[in-house]
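Predicted model only: the values in this text are computed from it and were never measured. Letters A, B, ... are given to chains in the order of the sequence lines, protein chains preceding strands, and every chain is numbered from 1.
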Amino acid sequence: MTRTEPLVRIENATKVYESRGWRNARPAPVVNGVSLDIARREIVGLVGESGSGKSTLGRMVLRLETLTGGRLWFDGQEITNASRNEMRPLRKAMQVVFQDPYAALSPRMRVGDFVAEPLCVHSGRNRSEREERVAELFSTVGLDPALMRRFPHEFSGGQRQRICIARAIASDPSFIVADEPITALDVSIQAQIVNLFKELQQRMGLTYLFIAHDLSMVRYLCDRVAVMLRGRIVEIGPAASVFGNPLHPYTQALLSAAPVPDPDVERRRTRLIYDPERYPAGEALEERAPGHFLLV
Amino acid sequence: MAEPLFRIRNLKIRIQNGGETGYPVNDISYDLCENETLGIVGESGSGKSMHVLAMLGLLPRGLAVESGEIVFAGRDLLKMNAQELRNVRGKEIGIVFQDPMTSLNPVLTVGRQISEVLVRHKRLDWRSARARARELLELVGIPDAERRMRAFPFQFSGGMRQRVMIATALACEPRLLIADEATTALDVTIQAQVIDLIRSLKERFGMSVLWITHDIGVVAGFAETVQVMYAGQIMERGPVRSVFYNPASAYTWSLLKSLPRPDQVAGEPLYQIPGQPPNPFRLAKGDPFAERNPFATPRCFEERPALRPVGDVQGHEVAAWYDLKTRIRETGGAE
Amino acid sequence: MSRYFLIRIGQSLLAIWGIVTIVFVVTRMLGDPAVLLLPLGTPDSQIQELRSSLGLERPMVVQYLDFLGHAVVGDFGLSYQSFRPAMEVVLERMPATAILTASSLALGAVLGAATGFAAALARGRFLEFVVMCFALAGQATPVFWLGILLVLFFAVELGWFPTGGWDGPASLVLPTMALGIFVAANITRLFRSSMIETLSEDYIRTARAKGLMPRTIFMVHAARNALIPVVTMLALLAAELLGGSAVTETVFSWPGVGRLLVQAIDSKDFPVIQAGVFLIATIFVCINFLVDLLYTLLDPRIRLGR
Amino acid sequence: MRVSSKFGSIAGIIGVSLIVLLIAVALFGPLLGLASPTANNLMARLAPPSFNTTKGLHLFGTDQLGRDVLSRTIHGARVTLTIGATAVLLGGAIGIVIGLVAGYYGRWVDAVLMRIVDVQLSIPLSLLALLVVGTIGPSLQNLIFVLALTSWVQYARVVRGQVLVVREREYIQSAHAIGLGDVRIIFQHILPNVLSAALVIATIELARVIILEAALSFLGLGVQPPSPSWGRMLAEGRSYMSSAPWIAIFPGAAIFITALSVNLTGDWLRDLLDPKVT
C-alpha cells in the first residue's frame, strides 16, 4: 500500500469479555484478530449482523473498551494501553455518534450544555465564548441556536441526532466513529442526516468509521467497506469493488438479502443463503483485487 | 378482483393526552381482497400499526375508535362484543408483532404457547394440540422441533422466536395474517428468510397478508398492492409496480428518491425531505405532507384531498390536489 | 444450575458469618460485660475474677474466634437471667412465634392475593378504589395500634377473645388479625401494581391477539410473572415476623421470641440476645435461599442459567 | 400511564396537603397557646375530650398525669417528623453514594458493597434497630442513627440497580468519549437520572421509619420522657384503654395520618416520575 500514514491503525485487535463467575471457562472472542487502517479523510463502512462485533470494534478504536489483545495507534501514537489521563488530550480529536438519539442525550441536561460539554473539558474558553461556539455549532448542523436552552424531550429523533453530531464536532475532531447513526431514525429523516455527515466530512476534512446495516447507505457514503462476521473482518475493499463484486459468501448473502425498492429487481433476484458449516473459518486476508481483501 | 376479505370505512382513532386530542388514524378507508398481499408503508406516527390494533380490539389505553367501521368477512369487528372478537382473534386473524424478544411469554414453554391457541379455538385436547404444534414448528423451519417444544423463548435466537410467533399466528390457519413490522428487529439476512417463509406459507395456506413496515424496500418484492400512509392518512395506494415506477404522491416520490440508488454519483447529495415528522396533536388542516412538499400548491395547505384514481391503472389512487408529473416539470424538479 | 446454588449457599454462609461478627462487635461495643454483669460497687478483685472466668483477658482475636467456634454449634453460653443455655431459652419461645407467623402470613397472603388480583382486574372501577383505600389504610396503620384497638373492641368490650397471652386457639385470633391485615395490605398493593405492570407487557398483547380467554390470560400468562415480586415480599415479611414482631407480641403478651428479646435487651442478657439474633438471622437467610429455589420454579430464565 | 391518573393525582394532592398541614402543625402548633405538653395537672387527670373550659381547654382530653393530649400530640409531631426526616436524609445520603459507587465502578467494589448490603438485609430491620438501640441506649441521636442504619440499604440497592441501567446508556458512553472524569460523570450525568428513583424510596422509607420510630418508643427505646412521642403516648395510654381510650387513640391516629399521607405522596411521585412514562 502506498498511502501516507493512516490516522487510525488497528493491528490484530482482539476482545474477549471475561465471563461472570466461573460459568463459561473460555468465552468466544467478540472481536477476533482484526486489523484495519483508516486513512485521513477516509470514510470506512463497517457492516455485519448484530453480534458480529462491529460496535465493539468501534468502541475499541476509541478506547472506550480495552483491548484484550493486539495494538492500536491513533495519529501515529500508540494508544493500546494508554491510561485515562493519557487518553484525555486525544479525546479532543476522536468522537462518537450513537444509534439511539433518545438514549444518547442526557435527559435532564439542557441540550446547549450537552453540546458545550466537550468545550468545558478540552478548551479554556469562558462561558460566553462557549455559548457563542455552541450557537455556531447549532447552525452548522442545521438547528436554530435559539433551541439551546431546551431539554431533549422537546426534540424529534432527527433533531436529537443533529444535537449529538453538534457535540461530536464541538472539539474540532479529526475522527468520528458513527455507530448506526441513522438506524433509529424515521425514513424521511435518514437522508438529511447522511447528507449532514457527508457535508461535514467535506467541510472539516473528517475521517469516519461508519457502522451500519443499511447497505445502500454504506455504498453511497463510504470509500471502503469492511464486512464483519463473528468477530472477524471477512472481506474489505473499496465500496464499488465489494458491492460490485462481492467475494465472500457471507457478503454475497448479505447483498442478496438487502431489500431493494424496485419491484422488478426484487422479484428477479435469487437469495443466497450463507451456511457457515460449509465454509472454513478462514486464516488470513488475501488481496484479490486492488485493495480488495478476502479472508481465506 | 376477488371479494374483499375486509373493508375499512372512515376509520378514525382518537388519542387523548392531558387536554390534547390527536388523531393517529384520521379517516381512512380501504379494502383487502381474499388472497391479496397488501404492503402498508409508513413511518412512526403514520397510523399503520394503530389501525390494525383497532381492528383486533387491542388499542392501548388512551386510544379509542371515534368512528368508522371495519367489516371482516361480513361482520363489523367494531360492533362485536368481547367474546365474538376473541373468537376472531387468533383464529381468523393471526398477527406477528415487531419485537420477538418481548412478544413471547418468558415463563411458558414455546410448545405451550403454540398449543394453547389450538386448544382455545380448535377445541383440541392438549395432546393433539401439542402434536399439531410440533408440526407447525417444523413447518416454520425450526429444526429438532420435538426438543424445542419444551424450550423457553429465551433459549431461541431472534429469528427463531419470530418463527415461533409465525407458527402461533398460523396455528388455526387464519384467513388473514398481519405482520406488524415483523422483520424490523431482525438482521438483514434473517429478515429475508422470514419474508420468504411467509411468502411460501401464504401460498400454502391461501390467506391474505397485511404487511406493515417502515422500509419501502421490504414490500417491493412480494406485495401485490402497496399503500403509503402518512400522519394517519392514506397518501397513495395501488399495484406495486405502478406505485414504485409512477408514484403520484409527492410523499411516495420523496421516500423513493431519498434512498441512494446503486448508480448514485458519490459526490451528489441525496434528495432529502425537509422538515420533521408530523405531530398527531397538531395536524395541518390541509394535506398533511404539504409543509414538507416542494411541489405543494396553495390548495394543499387549505383543504385535505381525498383519494382519487391515478391515470388508467386499475386500483391506483392518490390523495393529492396536484398532478405530480406536471408539478415536477413546472418546478424543474426538487431543489 | 447446581453451580448457581453452590454460589448461593456460599453467599448465605457468608451472610451468617457477617451477622455473627456484627453481633460480636455490637455486644462488645458496650464495654466490659463483667462490669455490666456485676452490681455497682463490686470490688475490683471480683470483677477481675469474673473477667478471667469469662475469658475476657484474652486478646480480642482469640475471643472472637472462640465466639465463632461456639456460635457455629449454637452455643452462646448461659443466660444471665435464668442460667440456662441461651439457645435453649430462645428455642422454647420459637413455637409461639412460628405459629403466629404462619397463621398471619396465611391470612395475609390469601387475603392480599385475592384483593390485589381483584383490584388489578377491576382497574378504573369503584371496586379498585375501595380495595386500594383499605390497602392504603392497612399499610399506614401501625400494627401495635391496630392491636390495641382490636383488644379494646373484641376483648374488652365484646369479650369474644382473650386480651392476651397464650390460652388456647382463641388467643391466636386477635394477633393474627392484626398482623394479617398488615401483611395483606402490603401484598395487595404489590400484587396489584405487579399485575398491572405485567398486563402492559408485549406478551400479554400477544396472548390477547391469540384470542385467549381473559381467565387464561390473567391466571396463566400474567399471574405467574406478577407473582415473582410477591414471593420476595412474602419472604421478607415472613422473616420480619419470625424475627418476632416485638411490638405486637408485647401488645398481646404473646410468649414469643420478640418479647423475649425485648426483655433480654432490657436486662442486658447478652447470651440470649446473641442467640436470638443468630437464630433469627439464620432462619432469615434460609428463607431467602428457599425463595431463590421457588424463583427457579417460577422463572425458567433463572432455572436454566442465563 | 400506569395508574388511573385522575385517582392518582387526587390522592397525591391529598397526601401532599396533609404533609404540609402536618409540618405546619409541627412548626406553629406550639404557638397556639396550649398547655405545656409536659405540665402535669393532677386535678385534671384523665379528662375526656371536650370544649368545656372549667378544667382548662382539653380538646383531646388529658392523660393519666393530667397533661393535655392535644398539646402532646402536636409536640409529638415535631419529634416524629424531625427524627423521620433526618434519618431518611442521612440514610439517603449514605445509601445514594454507596449505590452510585457500587453501580458505577462495578467489579470488586460492587461485590464487596453488595455483600455488606446482603448481610445487613439478613437481619430483620426492626430487630436490628431493637438490638442497636437496646445496646447503645436510647437517645435522639442514637435513634436517628439507628433508623438511618436500617434505611440506607434500600437506597443503595435501588440506586445501584438504576446506575447499572443508566451506565450503559449512550450519553454515559459519550461522556467517556469526551474524556470527562469519573466524578463529573457520576454527579452530573448519573445522579440526576437516579434521583427520582431515590425520591420514591425516600417516601417509602419515611413512612416505614415513622412507624418504626413509634414502635421503638412504644417499647420504651425511643425518645426519653418527658419529651412527648406518639409511640410512648400509645404505650402509656394502653393501660387506660377501657377507661380513657383517647390517650392512645389520638397519637395512634396521628401516626396513621402521617404514614398515610407519606404513602399517598409516594405513590403519586412514583407515577409522576415513572421512567416508563417519560
Task: Under 4.5 Å from any heavy atom of chain C - which part of Ala215(D) - done: both
- [ ] Would you indicate whether the side-chain heavy atoms of Val247(C) and Leu216(D) approach each other to under 4.5 Å?
- [x] no
TODO: Answer yes or no: does atom CZ of Phe134(C) have more than 12 heavy-atom neighbours from other residues, nucleotides or ligands under 6.0 Å?
DONE: no
Open item on the list: Strictly distance-based, threshold 3.5 Å: is any side-chain N or O of Arg238(D) a donor or acceptor partner for the main-chain N or O of Val251(C)?
Closed with: yes
Task: Under 4.5 Å from a heavy atom of chain C, the part of Arg208(D) involved - done: neither
Open item on the list: Between Ile148(C) and Phe218(D), is there a side-chain heavy-atom distance shorter than 4.5 Å?
Closed with: yes
Task: Contact origin within Ala137(C) toward chain D - heavy atom pairs under 4.5 Å - done: both
TODO: Would you indicate whether Tyr155(D), at its atom OH, is surrounded by more than 12 heavy atoms from other residues, nucleotides or ligands within a distance under 6.0 Å?
DONE: yes
Open item on the list: Are Leu234(D) and Trp145(C) packed together at the side-chain level, in the sense that at least one heavy-atom pair is separated by less than 4.5 angstrom?
Closed with: yes
Open item on the list: Does any backbone or side-chain atom of Val151(C) lie under 4.5 Å from a heavy atom of chain D? Answer side chain, backbone, both or neither.
Closed with: neither
Open item on the list: If I compare all heavy atoms of Ile255(D) with all of Pro142(C), which pair ends up nearest, and what's the gap?
Closed with: CG2-CG, 3.3 Å
Task: Heavy atoms from other residues, nucleotides or ligands near CZ of Arg205(C) exceed 12 (cutoff 6.0 Å) - done: yes
Open item on the list: So, taking the atom named CD in Gln139(C) and the one named CD1 in Ile211(D), what distance separates them when rounded to the nearest 0.5 Å?
Closed with: 8.0 Å
Open item on the list: I need the residue from Leu260(D), Val262(D), Ile210(D) with the largest number of non-hydrogen atom pairs under 4.5 Å to chain C.
Closed with: Leu260(D)
Open item on the list: Would Ile265(C) and Leu219(D) count as a side-chain contact (heavy atoms from CB on, under 4.5 Å) here? Give the steps.
Closed with: CA-CA 11 Å; Ile265(C) 287 171; Leu219(D) 294 174; over 6 Å; no
Task: Region of Ile257(D) that comes under 4.5 Å of a non-hydrogen atom in chain C - done: neither
Open item on the list: If you apply the rule side-chain contact (heavy atoms from CB on, under 4.5 Å), what do you find for Leu149(C) with Ile249(D), and how did you get there?
Closed with: CA-CA 8 Å; Leu149(C) 295 181; Ile249(D) 283 178; 4.1 Å; yes
Task: Which portion of Ala253(D) sits near chain C, non-hydrogen atoms under 4.5 angstrom - done: both
